[in-house]
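The next block holds one structure in the form of structure tokens; read it before the comments.
In this chain, numbering begins with 1 at the start of the sequence shown. Please read all numbers here as calculations on a predicted model, not as lab measurements.
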Amino acid sequence: MKAIYRLLILLFMVTVMSNCTSDFDEMNIKPDAFTKDEVSAKFFLTGPQVRLYAPDRFPYWRAHLIHADRYAGHFCFGFNGSWWSDALGYAYNSGYTDASWGWLAGYLGNLDNYMKLVKTGGEFENQYMYAIGLVMKGLYFQMYTDVFGMLPYSEAGNPDITLPKFDEQAVIYQGIIAELDEAMQIIGDETKTGSNVDDVGDNDLYFDGDLQKWKKLANTLKLRMGLRAYGAPGADFAQSAITQALGAPLLEASDENCLLQKDEIQSQWSSAAYGDVWYNFGTGSDWTVGKTLIDNLRNNNDPRLEKYAKPAAGGTNEFVEPDGPEAALFDKRVDYVLAVLEEAGAEYTRTDGVNDKGKKVVTIEMAENFYYIGQPTRLNGDTYPYSAYGFWSTPAEIVIQRKGSGDMFPEIVMTAAEGHFLQAEAIVKGFGSGDAQAHYQEGIRQAMLLWDVNSGAIETFLAEEDMAQLNGSTDEMLEKIATQRWIVSYTDGFEAWAIVRDTGYPTELAQGVSDFDIFAAGDINGDYPQRMRYGNQAINTNGANVNIAIGIQGPNTQDTKLWWAK
């Protein structure tokens, strides 16, 4: 009902704004109508918040699941019974790419409208709501530029410029950090955006209007971007951004997690969740959990394993030697898949035979719902027949829950765990003099609390597992931190993918693939995807500026590295 109420309010506000003058005192008010003391820009904040992290099903499927979540190595297609092989997304598809571009490029309009209402001289001028908008803008442009690279930024939203230029990423990063600084300066010591109707309150779906949490979010985002930019060409601003961020409050406590609770009322065509794809289309649109993620959890006795995934269904699966030239690779592909099972510690029974056509038949029997096994990322279409659905773990029910059927894990905006991991990384790199180990372990603790891991299990992990100790060489410590940041970004594929490109970890993902008997080369010869291509809408309407960007950034292909990438 809360979501419906918001929608009704928004519809009302749009009607009011289109039919009244700037002077609300001159409105012809009915006894049951809203007065100027009851209208506020806060009713325009909810939409941009939802749209950035829980858009409708079209981009949720094509941007999140087909691209970001899979490039991140968290989810896979390509099991026998899936609509696609796990090659999907590694070769350019204009329909899928255009859906991703259209969502992100089109997002700015709603946020821009909100900011025009609350800016100085705006209809609902409120500097604190404006500061929230600046932080939202930073979250948006960081995600957007880290997907595509150069983008319209400095001229974006300018009504006098119909064909905005594409700014270099260094310019975008500097601009975002400057606006985050502005937001933090505006907020100062304030805790609320105002009183009565001027208090955004629960219309703020991230922090219920708590400005000090918004300030910490802004500073944590600043630290993330400073560390990501550090070492990139022309990133002279990064070091000061890092040191400034370390000297101010960051997201650190469980009640400071910035999360978007998934809406159980709105249609999937207004705000989607993973379950809208999982349950609406049958097994063909299901997905599995990636091998790299499951291996990291299982091999380190990480108690998040059962929170993230379900055991493989197991059962009996039969593989038949194909006709034609692919028959020569039958044994190699079957043996590869079975080696993955063995690496995961799974026991199975193998029976070899020959059918009435003289073709080899391999039957595998495995215990049901017992072993946690991740599907290898990027299996090609010829390996697809041997990638049995029953071999692989699938997401935990809380991740794929059908709306209205139980708890759904929220959308991650930014976590307290990341606040600690970023501090640990900065200290290891020589910024600041804090205790990197303490921040690293607290990051793990906060990451596990986010998934309701039992406190006893958390303390056992921190005390007993080597993965919980920030030890070894500098590179080894940075690998552990990057891996933990990547793990806590589960279900936030955009940030997890950026972490791999930025740090090179997990190495198994970052190094790409080379055995094309097993894996998909895609359009980029097995390399790890570094970006998505620009959408045709931009090419067709703003082609000259797109071409300038390509001339600076590099070819409009998936293997062109972004400015900050390793």
Would you say the ring centroid of [X] lies under 6.0 angstrom from that of [Y]?
X	Y	value
Tyr173	Phe141	no
His67	Phe494	no
Phe148	Trp101	yes

Are [X] and [Y] packed together at the side-chain level, in the sense that at least one heavy-atom pair is separated by less than 4.5 angstrom?
X	Y	value
Ile66	Phe77	yes
Phe207	Val200	no
Tyr490	Pro395	yes
Pro410	Leu260	no
Gln511	Tyr528	no
Val413	Tyr53	yes
Phe409	Leu450	yes
Gln142	Glu495	yes

Problem set entry | Salt bridge Asp198-Lys42, side-chain N to carboxylate O under 4.0 Å |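 Here Asp198 does not pair with Lys42 in a salt bridge, since their nearest N and O are not under 4.0 Å apart.
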
For this session: Could you tell me whether Glu190 and Lys215 make a salt bridge, using a distance below 4.0 angstrom between a side-chain N and a carboxylate O?
Result: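 A salt bridge is absent here (no side-chain N lies under 4.0 Å from a carboxylate O).
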
For this session: Could you list the residues that satisfy salt bridge (Lys or Arg N to Asp or Glu O under 4.0 Å) with Glu256, not counting sequence neighbours?
Result: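 Result, salt bridge (Lys or Arg N to Asp or Glu O under 4.0 Å) vs Glu256: Lys216.
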
For this session: Please list, chain by chain and in numerical order, all residues satisfying salt bridge (Lys or Arg N to Asp or Glu O under 4.0 Å) with Lys222, sequence neighbours excluded.
Result: Asp181

For the [atom1] atom of [X] and the [atom2] atom of [Y], what is their distance to the nearest 0.5 Å?
X	Y	atom1	atom2	result
Tyr534	Ile550	OH	CD1	7.0 Å
Asp502	Leu227	CG	CG	8.5 Å
Gln185	Leu134	CD	CG	11.0 Å
Lys403	Gln268	NZ	CD	7.0 Å
Met414	Leu259	CE	CG	11.5 Å
Leu223	Leu180	CG	CG	11.5 Å

Whether [X] side chain and [Y] backbone form a donor-acceptor pair below 3.5 Å:
X	Y	answer
Arg501	Gln530	yes
Asn257	Thr415	no
Asn219	Ala245	yes
Glu411	Ala54	no
Arg228	Trp564	no
His74	Trp486	yes
Trp563	Gly234	no
Lys429	Leu478	no
Thr46	Asn203	yes
Arg51	Leu111	no

Problem set entry | side-chain contact (heavy atoms from CB on, under 4.5 Å) between Leu211 and Ile132, worked out | CA-CA 8 Å; Leu211 286 178; Ile132 288 175; 4.0 Å; yes

Exercise. Looking at residues at least two apart in the chain, or sitting in another chain, which of them share a ring pair (Phe, Tyr, Trp, His ring centres under 6.0 Å) with Tyr274?
Worked result: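 Ring pair (Phe, Tyr, Trp, His ring centres under 6.0 Å) check on Tyr274 returns Tyr60, Phe75, Trp287.
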
For this session: Could you pull out all residues at least two apart from Phe281 that satisfy side chain to side chain contact (heavy atoms under 4.5 Å, CB included)?
Result: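 Checked Phe281 against side chain to side chain contact (heavy atoms under 4.5 Å, CB included); matches are Arg57, Trp61, Trp83, Val277, Ser285.
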
For this session: With sequence neighbours excluded, tell me which residues meet side chain to side chain contact (heavy atoms under 4.5 Å, CB included) with Ala520.
Result: Ala87, Arg378, Asn380

Can you see which heavy atom on [X] is nearest to which on [Y], and at what distance?
X	Y	result
Gly149	Ile172	O-CD1, 4.3 Å
Gly493	Ala72	O-CB, 3.8 Å
Ala416	Ala253	CB-O, 3.3 Å
Pro48	Leu45	CD-O, 3.1 Å
Ala417	Val488	CB-CG2, 3.9 Å
Met129	Ala41	SD-CB, 4.1 Å

For this session: Could you tell me whether the side chains of Asn556 and Arg531 share a donor-acceptor contact shorter than 3.5 Å?
Result: yes

Problem set entry | Enclosure of Asp189 CG (heavy-atom neighbours >12, cutoff 6.0 Å) | no

Problem set entry | Atom CD of Gln537: over 12 foreign heavy atoms under 6.0 Å |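 Atom CD in Gln537 is not packed in, count stays at 12 or less.
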
Side chain to side chain donor-acceptor pair (under 3.5 Å) partners of [X], counting only residues at least two apart:
X	value
Lys561	none
Thr557	Asp559, Thr560
Trp214	Asp204
Glu252	Gln423

For this session: Scan residues 225-262 for pairs that pass ring pair (Phe, Tyr, Trp, His ring centres under 6.0 Å), counting only residues two or more places apart or in two chains.
Result: Tyr230-Phe431

Exercise. Hey, which of Arg485, Gln484, Gln446 is the one that makes side-chain hydrogen bond (donor to acceptor under 3.5 Å, both in side chains) with Glu418?
Worked result: Arg485

For this session: Determine which pairs satisfy side-chain hydrogen bond (donor to acceptor under 3.5 Å, both in side chains) with at least one residue from residues 106-120, sequence neighbours left out, and list them in order.
Result: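 side-chain hydrogen bond (donor to acceptor under 3.5 Å, both in side chains) check on residues 106-120 returns Asp112-Lys116.
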
For this session: Could you tell me whether Arg533 sits above the aromatic face of Tyr92, with NZ or CZ closer than 6.0 angstrom to the six-membered ring centre and within 45 degrees of the axis?
Result: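 That pair qualifies as a cation-pi contact.
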
With a cut-off of 3.5 Å and sequence neighbours excluded, list every side-chain donor-acceptor pair involving residues 152-161.
residue, atom, partner, partner atom, Å
Tyr153, OH, Gly175, O, 3.2
Tyr153, OH, Ile176, N, 3.3
Tyr153, OH, Glu179, OE1, 3.1
Ser154, OG, Asp167, OD1, 3.1
Ser154, OG, Asp167, OD2, 2.9
Glu155, OE1, Lys165, N, 2.9
Asn158, OD1, Asp160, N, 2.9

